[in-house]
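In what follows, a structure is listed as structure tokens, so that the remarks can point back to it.
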Protein chains: 2
Amino acid sequence: MLENIQELIDQYIDLSFSVHRKGESLIRDQIGSDLTNDQHYILRYISQVKSCTSSELAEEFDVKKSAITAIINRMWEKGLIQRTRDEKDRRVVYLTLTDKGNQLYVNCEERIYKLVESFIKQFDPKEIKQFLETYEKLNQILIESKDDKMEE
Amino acid sequence: MLENIQELIDQYIDLSFSVHRKGESLIRDQIGSDLTNDQHYILRYISQVKSCTSSELAEEFDVKKSAITAIINRMWEKGLIQRTRDEKDRRVVYLTLTDKGNQLYVNCEERIYKLVESFIKQFDPKEIKQFLETYEKLNQILIESKDDKMEE
DNA sequence: TGTTAATAGTTAATGGGTTGAACAATTAAA
DNA sequence: TTTAATTGTTCAACCCATTAACTATTAACA
């Protein structure tokens with residue numbers, strides 16, 4: 001029984017790495033060459049919330065603000081993102097998608113959606129639903145574990 | 001019903017990114033500061049197969065050989081990896097762990113094992129087993145999808 | 001056998017992501 | 001009003017990835 005658990009743990013470590021690598025490279029191919037994965041996730045986030053700040057992105061993606069600045073700069077140079085200073089609190093800068101950014105996002109998302117759909121459809125809906133439930137639970141455990149560490 | 005599937009797809013895309021980020025940063029903290037995730041995965045791979053080549057690593061990790069050279073160089077500078085030329089075919093270089101490399105690996109693996117164990121133990125063994133089965137199936141789908149793309 | 005092709009690995013240039021520390025501008029708190 | 005804290009940026013230093021050109025070596029084959 002103990003050996004069984006050890007096997008599961010090893011299997012999980014191997015799988016999580018493999019799935020991540022394979023999935024990421026497939027999505028990279030789908031997106032096309034002009035957008036990195038990180039840039040796409042930021043595009044996705046801003047599209048969902050419409051408007052946000054650098055600090056919010058740093059919090060959401062769990063990186064330092066200077067990392068966000070670098071990514072946003074590159075996307076701004078490509079004309080995908082707009083920066084607007086808050087008139088009341090002139091420290092904050094709101095980030096929104098330009099028309100070009102939004103258009104690119106919709107285009108990418110469509111292709112990714114079809115790709116992921118082709119994967120998901122190979123499963124019994126019940127199985128994938130159970131899978132996602134466990135996945136979500138795991139995500140919560142990771143978040144809590146990270147919060148615990150922060151408090152030390 | 002169609003909406004249901006769309007929800008699952010969105011949920012999967014969000015979750016896979018979130019779990020990956022959280023998990024990776026937690027493991028990074030566990031490993032300690034002197035080893036990146038990529039370096040750890042290479043340490044892990046070499047430890048398992050005892051001896052391998054750059055080409056094998058490039059194949060396994062799905063990157064170009066020059067990327068491997070760069071990583072191995074850094075690990076070699078830290079005294080973790082040994083390079084040995086094949087006497088018969090003098091083009092190939094065998095990579096093995098030094099004592100220091102092996103010691104570091106065992107140390108890291110122990111801490112990561114405990115961390116992942118603490119996660120896994122929060123699940124019903126049946127649930128985690130079912131989860132890993134689906135995960136493995138997904139991994140196979142990704143691998144096949146990648147192979148199909150290669151043939152084009 | 002001797003030329004050509006394939007293979008293993010490296011180097012260099014370029015681009016992208018990350019951190020940490022220092023900094024300016026602005027706002028909040030005392 | 002002086003002092004904190006906050007928002008975001010810049011810079012130097014790493015790490016990882018790709019492409020292209022290159023060396024060295026081995027395999028193929030005519």
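Basis for what follows: all heavy atoms, side chains included, without hydrogens, waters or symmetry-related copies. Throughout, a chain's letter reflects where its sequence line sits, starting with A, and its residues are numbered from 1.
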Practice item. Indicate the ring-plane relationship of B:F17 and A:Y41, choosing parallel, tilted or perpendicular according to the 30° and 60° boundaries. Key: parallel
Practice item. Could you please name the partner base of D:dA4, counting Watson-Crick and G-U wobble pairs only when both distances are under 3.5 Å? Key: none
Practice item. With a 3.5 angstrom cut-off on both distances, give the Watson-Crick or G-U wobble partner of C:dT27, or none if there isn't one. Key: none
Check your understanding: Any salt bridge between A:D29 and A:R111, counting N to O under 4.0 Å?
Key -> no
**Study point:** Nearest-Å distance for atom pair CH2/P, residues A:W76 and D:dG8
**Key:** 17 Å
Check your understanding: Taking atom P of D:dA27 as reference, at what distance in whole Å does atom NZ of B:K88 sit?
Key -> 12 Å
Check your understanding: Which residue lies toward the 5' end of DNA chain D, A:V92 or A:R21, if each is placed at its nearest nucleotide?
Key -> A:V92
Practice item. Compute the ring centroids of A:Y45 and A:Y105, then answer whether they are less than 6.0 Å apart. Key: no
Review point. Starting at CG of A:D62 and ending at P of C:dG17, how long is that distance when rounded to a whole Å?
Key: 16 Å
Point to revise | Phosphate OP1/OP2 of C:dT11 contacted by B:T69 side-chain N/O (<4.0 Å) | key: no
Practice item. Quick one: label A:A67 by what it contacts on the DNA or RNA (base, sugar-phosphate, nothing), any heavy atom closer than 4.0 Å. Key: base
Exercise for review: Using whole Å, report how far CG of B:D89 lies from P of D:dT25.
Suggested key: 10 Å
Review point. Taking all atoms of both residues into account, what is the closest heavy-atom pair of A:N102 and A:S47, and its distance?
Key: OD1-OG, 4.3 Å
Check your understanding: Does C:dA5 fall in syn (glycosidic angle within 90° of 0) or anti?
Key -> anti
Point to revise | Of the listed nucleotides D:dT18, D:dT26, C:dT18, the one nearest the side chain of B:V63 | key: D:dT18
Study note, to complete from the structure: Between CG of A:D38 and C1' of D:dC16 the distance, given in whole Å, is 12 Å
Review point. Where the side chain of A:I71 is concerned, which of C:dA8, D:dA17, C:dG17 is the nearest nucleotide?
Key: C:dG17
Review point. Counting just side-chain N and O atoms, does B:S66 come under 4.0 Å of either OP1 or OP2 of C:dT10?
Key: no
Practice item. Go through D:dT18, C:dG17, C:dG9 for me and flag the one nearest to the B:K65 side chain. Key: C:dG9
**Study point:** Of B:R83 and A:D86, the one whose closest DNA chain C nucleotide lies more 5'
**Key:** B:R83
Exercise for review: Round to a whole Å and report the spacing from NZ of B:K64 to C1' of D:dA21.
Suggested key: 16 Å
Exercise for review: Whole angstrom is fine here: how far is it from CD in B:E77 over to P in D:dC15?
Suggested key: 8 Å
Point to revise | Integer-rounded Å distance: D:dC11 P and A:N73 CG | key: 11 Å
Practice item. For A:S54 and for B:R91, find the nucleotide of DNA chain D with the closest heavy atom, then tell me which residue's nucleotide is more 5'. Key: A:S54
Practice item. Given salt bridge (Lys or Arg N to Asp or Glu O under 4.0 Å), test B:R91 with B:D89 step by step and report yes or no. Key: CA-CA 5 Å; B:R91 288 171 302 183; B:D89 186 343; 2.9 Å; yes
Check your understanding: According to a strict under-4.0 Å criterion, is B:R74 in side-chain N/O contact with OP1 or OP2 of D:dC16?
Key -> yes
Review point. Using 4.0 Å as the upper bound for N to carboxylate O, is an ion pair formed by B:E110 and B:K114?
Key: yes
